[in-house]
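Residue numbers count from 1 along this sequence. Excluded from the calculations below are hydrogen atoms, water molecules and symmetry mates; all remaining heavy atoms, backbone and side chain alike, are included.
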Amino acid sequence: MSRYFITGTDTDAGKTLVTAALLARARAQGLSTQGLKPVASGSHSTPEGLRNSDALSLQAQSYPPLEYAQINPFAFAPAIAPHLAAQQAGAELSVAGILQALEPTLASPPDVTLIEGAGGWRVPLNDREDLSDLPRALELPVILVVGLKLGCLNHARLTAEAIRADGLTLVGWVGTVIDPAFAADSALFDANMATLSRTLGASATTACLGVIPPLAESTEVLRIAKAAAYLNLPRQATSPSMESP
């Protein structure tokens, strides 16, 4: 049983794509999975209630299947910071409340559990707590998604420093090319990747789990399947007989 928290250098860094693709990779290796998105703003109304597209992507890659409420217990309609969305809805977010909502699901863990954050590492939950307090409470190792664009070196290094300052282990990072111009010059791109590998891999436990290029697939399902081919699971999440090459 392996559990990880997925964070990003910023909003739209590619956290959901990476989380879903890692789950798909695990499923392809015969592992059971669950992808959780405890807090999500930017949700749409359905006859069953609010639904968030990111959480739905994780639900589709969770096996055995999970009910939506297990994956995303706190969904809010406006696409704004979660603590502000909660205030507008007359709700209050807290680490204790999230832990209580997740407890039944975490009590019966599959082989791989990935818990996706919202935004970056220091997104507030309330006036006293940040979402980063959740992986701290659960003592989860962290996977960092780096949105590859101009400025990503600074964002990635600051986020990695904050994760380690909070006493957590950064077990790996994934690069997602969100600005094609950043990868247009192959020599410069390779140099940037080398810098990220050197500065993020501050310990032997941290590895680059893959780099996802721009994807042309027309649907989210196809994008996730394609992205999975570029990724490896953290070594701890791979059974000895099924290690990635």
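- Counting only N and O atoms by type, the side chains of Ser62 and Arg27 include no donor and acceptor under 3.5 Å apart.
- In this structure the side chain of Pro124 reaches within 4.5 angstrom of the side chain of His83, judged on heavy atoms.
- Between Leu140 and Leu168 the shortest heavy-atom distance is O-CD2, 3.7 Å.
- Under the 4.5 Å side-chain heavy-atom criterion for ILVMFWY residues, no single connected hydrophobic cluster contains both Val123 and Leu36.
- When hydrophobic clusters are built by joining Ile, Leu, Val, Met, Phe, Trp and Tyr residues whose side-chain heavy atoms come closer than 4.5 Å, directly or via intermediates, Leu84 is not grouped with Leu125.
- Side chains of Phe5 and Ser132 form no contact here, defined as non-hydrogen atoms less than 4.5 Å apart.
- In terms of modelled atom types and a separation under 3.5 Å, the side chain of Thr46 and the main chain of Glu48 share a donor-acceptor contact.
- To the nearest 0.5 Å, atoms CD (Gln29) and CG (Asn232) are separated by 8.0 Å.
- Connection of Leu23 to Leu215 is established within a shared hydrophobic cluster, with ILVMFWY side chains joined at heavy-atom distances below 4.5 Å, either directly or through further cluster members.
- Surrounding CD of Glu217 are more than 12 heavy atoms belonging to other residues, nucleotides or ligands, all under 6.0 Å away.
- No continuous path of hydrophobic side-chain contacts links Leu93 to Leu50 [ILVMFWY only; heavy atoms under 4.5 Å].
- Annotation: the span from Lys149 atom NZ to Asp12 atom CG amounts to 8.5 Å, rounded to 0.5 Å.
- The distance from atom CG of Leu233 to atom CG of Leu209, rounded to the nearest 0.5 Å, is 8.0 Å.
- Here the side chains of Ser41 and Pro78 are not in contact, with every heavy-atom distance at 4.5 Å or above.
- Remark: side-chain polar atoms of Arg223 are not paired, donor with acceptor, to backbone N or O of Ser218 under 3.5 angstrom.
- Side-chain atoms of Val211 and Phe189, non-hydrogen and from C-beta on, do get closer than 4.5 Å to each other.
- The two residues Ala101 and Phe74 have their closest heavy-atom pair at CB-CE1, 3.9 Å.
- More than 12 heavy atoms of other residues, nucleotides or ligands sit less than 6.0 Å from atom CG of Asp185.
- To the nearest 0.5 angstrom, Leu134 atom CG is 6.5 Å from Leu102 atom CG.
- Looking at Met1 and Asp111, their side chains never come closer than 4.5 Å, going by heavy atoms from C-beta outward.
- Between Gln61 and Ile224 there is a side-chain heavy-atom pair separated by less than 4.5 Å.
- The shortest heavy-atom contact between Gly147 and Cys152 is O-CB, 3.3 Å.
- With hydrogens and angles disregarded, a donor-acceptor distance shorter than 3.5 Å links the side chain of Ser57 to the backbone of Ser53.
- Side-chain atoms of Val145 and Thr7, non-hydrogen and from C-beta on, never get closer than 4.5 Å to each other.
- Residue Tyr63 qualifies as open at atom OH: its count of foreign heavy atoms under 6.0 Å is 12 or below.
- Nearest approach of Gly119 to Thr11, heavy atoms of both residues: CA-OG1, 3.6 Å.
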Subject >> Worked verdict on Asp166 versus Arg122 for salt bridge (charged side-chain N to carboxylate O under 4.0 Å, His left out) >> reply: CA-CA 11 Å; Asp166 283 345; Arg122 287 286 186 241; 2.8 Å; yes
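- Partner Asp54 forms a side-chain hydrogen bond (donor to acceptor under 3.5 Å, both in side chains) with one of Asn72, Thr19, Thr16 and no other, that one being Thr16.
- Atom CG of residue Leu148 and atom CG of residue Asp179 lie 9.5 Å apart, to the nearest 0.5 angstrom.
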Original post:
Does the side chain to side chain contact (heavy atoms under 4.5 Å, CB included) test come out yes or no for His44 and Asn52, once each step is laid out?
Top reply: CA-CA 6 Å; His44 58 278; Asn52 176 266; over 6 Å; no
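- Side chain of Gln59 to main chain of Leu66: a donor-acceptor pair is present (N/O by atom type, distance under 3.5 Å, no hydrogens or angles).
- In this structure the side chain of Thr113 reaches within 4.5 angstrom of the side chain of Leu106, judged on heavy atoms.
- At a threshold of 4.5 Å between side-chain heavy atoms, the hydrophobic network of Ile, Leu, Val, Met, Phe, Trp and Tyr places Trp173 and Val177 in one connected group.
- The backbone N or O of Val95 sits less than 3.5 Å from a side-chain atom of Glu129, completing a donor-acceptor pair.
- Of the residues Leu114, Val112, Thr33, the one that meets the side chain to side chain contact (heavy atoms under 4.5 Å, CB included) test with Leu22 is Leu114.
- The two residues Leu131 and Ala118 make their nearest non-hydrogen contact at CD2-N, 3.2 Å.
- Other residues, nucleotides and ligands contribute at most 12 non-hydrogen atoms within 6.0 Å of the CD atom of Glu67.
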**OP:** Step by step, work out the side chain to side chain contact (heavy atoms under 4.5 Å, CB included) result for Leu153 and Leu196.
**Re:** CA-CA 7 Å; Leu153 301 183; Leu196 283 170; 3.5 Å; yes
**OP:** May I have the step-by-step check of side chain to side chain contact (heavy atoms under 4.5 Å, CB included) for Ile163 and Trp121, ending in yes or no?
**Re:** CA-CA 8 Å; Ile163 291 167; Trp121 185 247; 3.8 Å; yes
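- Although no hydrogens or angles enter the test, the distance criterion places no donor-acceptor pair under 3.5 Å between the side chain of Lys37 and the main chain of Leu58.
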Subject >> Derivation of the side chain to side chain contact (heavy atoms under 4.5 Å, CB included) call for Val142 and Tyr4 >> reply: CA-CA 6 Å; Val142 180; Tyr4 302 92; over 6 Å; no
**OP:** Please lay out, stage by stage, how Glu220 and Lys226 fare under the test salt bridge (charged side-chain N to carboxylate O under 4.0 Å, His left out).
**Re:** CA-CA 10 Å; Glu220 186 69 6; Lys226 183 71 171 181; over 6 Å; no
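- Put simply, CD1 on Ile115 and CD1 on Ile6 are 9.5 Å apart, with the number rounded to the nearest 0.5 Å.
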